[in-house]
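Encoded as structure tokens, the structure appears first; notes follow it.
Please read all numbers here as calculations on a predicted model, not as lab measurements. FYI, side chains are in, hydrogens and waters are out, and symmetry mates aren't considered; it's all heavy atoms of this structure. Both ligands and their constituent atoms are indexed starting at 1 by order of listing.
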Amino acid sequence: MNFTIAADLVNLDRIINADPIAITFFIGYMAMFASAVFFFVERGSVEGKWKMSLLVSGLITGIAAVHYYYMRDFYLATGESPTAFRYVDWTLTVPLMCVEFYLLTKPFGAKGSTLFKLILASLVMLVTGFIGETSGIESNVMWGILSTVGYLYIVYEVFAGDVAKLAKASNSEALGRAMFLLKIFITLGWSIYPIGYMVLPGNLLSGAFEVSSIDLFYNLADAINKIGFGLVIYSVAIAETAKAKAAKA
Ligand SMILES: *C/C=C(C)/C=C/C=C(C)/C=C/C1=C(C)CCCC1(C)C
């Protein structure tokens, strides 16, 4: 008992005083948790089809909150990067982000096959990324390149493939606005992850940053992409709900 209290105090001391990575795990956990509560509660303020989009945003941030809880503890206990937790989190949440794209374009005719292609590409990206992070110095560049192929395929779908064509054909101002912002997330926001990956020993940025800073990159990127992405969808949902109400009145 006394032993765990002492260990907790040591951990708390690290969070408060010295360790920026521990701090970002701690803040990440709270921010994901608060966002999940927000998206779940706000489902009540939006109309019809938008409820499902907010539910998915709540699930993405809720799943991340649980993983951050464990990642923070793992990091504090071992001082090491919680790679396995990280990839379990992403394997659940990135396909859910693909579902968000699907839900946005579904009223304009998106097909299940588009969703399937997006999810498949994200799984290729994540499985090869995980192998790269755990396979060591000789091969992480090669696995990183394979993973980037999956990533670029998603970018292609959103900029020029099915998702882009449907968004264009929809003539919906709201969807156009959402797509514009989501494209920024998927290019700038998501590119923080491969940059973080490149600090691995033997990779392109190794030596430029400490290896442990990989979690700073990932934690920053997760906050931007999971919470920011959800907020974009939320703002479109609120605007569209107000429009629908005005049309009815
Ligand atoms: C909520 C989590 C998200 C949005 C995670 C996204 C992750 C990526 C876009 C990861 C991409 C990677 C590459 C493109 C190459 C190197 C390996 C990865 C997995 C870090």
Side-chain angles (χ1 to χ4, degrees), residues 24-25 27-29 31-33 35-36 39 56-71 81-102 118-137 139-159 181-206 209 211-233:
T24 60
F25 275 119
I27 296 174
Y29 167 54
M32 294 293 176
F33 178 76
S35 305
F39 292 130
V56 176
S57 295
L59 287 175
I60 290 170
T61 44
I63 290 169
V66 175
H67 284 84
Y68 268 80
Y69 179 82
Y70 287 105
M71 288 199 286
S81 194
T83 308
F85 286 118
R86 179 78 75 185
Y87 276 82
V88 174
D89 174 340
W90 289 353
T91 307
L92 297 168
T93 52
V94 176
L96 283 173
M97 295 173 110
C98 299
V99 170
E100 295 276 34
F101 277 109
Y102 171 72
L118 287 172
I119 291 182
L120 198 66
S122 65
L123 291 178
V124 167
M125 173 180 93
L126 295 173
V127 169
T128 50
F130 180 73
I131 298 173
E133 285 206 31
T134 49
S135 69
I137 205 161
S139 53
N140 69 38
V141 172
M142 180 196 77
W143 288 108
I145 292 170
L146 289 176
S147 173
T148 304
V149 174
Y151 171 48
L152 290 179
Y153 180 79
I154 301 174
V155 172
Y156 160 79
E157 272 297 333
V158 173
F159 274 79
L181 290 167
L182 294 181
K183 279 179 189 166
I184 295 179
F185 278 101
I186 236 176
T187 46
L188 294 181
W190 286 30
S191 69
I192 301 170
Y193 298 99
I195 294 172
Y197 179 93
M198 284 188 248
V199 310
L200 286 174
N203 214 303
L204 308 180
L205 290 179
S206 95
F209 299 92
V211 183
S212 59
S213 65
I214 195 167
D215 284 301
L216 283 181
F217 283 99
Y218 289 167
N219 291 353
L220 173 73
D222 273 355
I224 293 173
N225 292 303
K226 291 184 166 66
I227 300 171
F229 194 90
L231 285 175
V232 165
I233 288 168

Protein residues near ligand 1, heavy-atom distance below 4.0 Å?
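Heavy-atom contacts below 4.0 Å: Tyr87, Trp90, Thr93, Val94, Met97, Met125, Gly129, Gly144, Ser147, Thr148, Tyr151, Trp190, Tyr193, Pro194, Tyr197, Tyr218, Asp222, Lys226.
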
Using salt bridge (charged side-chain N to carboxylate O under 4.0 Å, His left out) as the criterion, list what pairs up with Glu157, not counting sequence neighbours.
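Glu157 satisfies salt bridge (charged side-chain N to carboxylate O under 4.0 Å, His left out) with Lys117 once adjacent residues are dropped.
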
Review item, side-chain donor-acceptor pairs of residues 123-135, under 3.5 Å, at least two apart:
{"from": "Thr128", "atom 1": "OG1", "to": "Val124", "atom 2": "O", "distance (Å)": "2.6"}
{"from": "Thr128", "atom 1": "OG1", "to": "Met125", "atom 2": "O", "distance (Å)": "3.2"}
{"from": "Thr128", "atom 1": "OG1", "to": "Ser147", "atom 2": "N", "distance (Å)": "3.4"}
{"from": "Glu133", "atom 1": "OE2", "to": "Tyr87", "atom 2": "OH", "distance (Å)": "2.7"}
{"from": "Glu133", "atom 1": "OE2", "to": "Tyr218", "atom 2": "OH", "distance (Å)": "2.6"}
{"from": "Thr134", "atom 1": "OG1", "to": "Phe130", "atom 2": "O", "distance (Å)": "2.8"}
{"from": "Thr134", "atom 1": "OG1", "to": "Ile131", "atom 2": "O", "distance (Å)": "3.3"}
{"from": "Ser135", "atom 1": "OG", "to": "Ile131", "atom 2": "O", "distance (Å)": "3.1"}
{"from": "Ser135", "atom 1": "OG", "to": "Gly132", "atom 2": "O", "distance (Å)": "3.4"}
{"from": "Ser135", "atom 1": "OG", "to": "Ser139", "atom 2": "OG", "distance (Å)": "3.0"}

Between Tyr151 and Tyr193, does a ring pair (Phe, Tyr, Trp, His ring centres under 6.0 Å) hold up when you go through it step by step?
CA-CA 11 Å; Tyr151 171 48; Tyr193 298 99; 8.7 Å; no

Results of side chain to side chain contact (heavy atoms under 4.5 Å, CB included) for Ile224 - residues two or more places apart only:
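Partners of Ile224 by the side chain to side chain contact (heavy atoms under 4.5 Å, CB included) criterion, ordered by chain and then number, come out as Phe185, Ile192, Leu220.
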
Chi angles and distances behind the ring pair (Phe, Tyr, Trp, His ring centres under 6.0 Å) call for Phe229, Phe101:
CA-CA 11 Å; Phe229 194 90; Phe101 277 109; 5.7 Å; yes

Side chain of Tyr197, backbone of Asn140: donor and acceptor closer than 3.5 Å?
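The answer is yes, because a donor-acceptor pair under 3.5 Å joins these two groups.
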
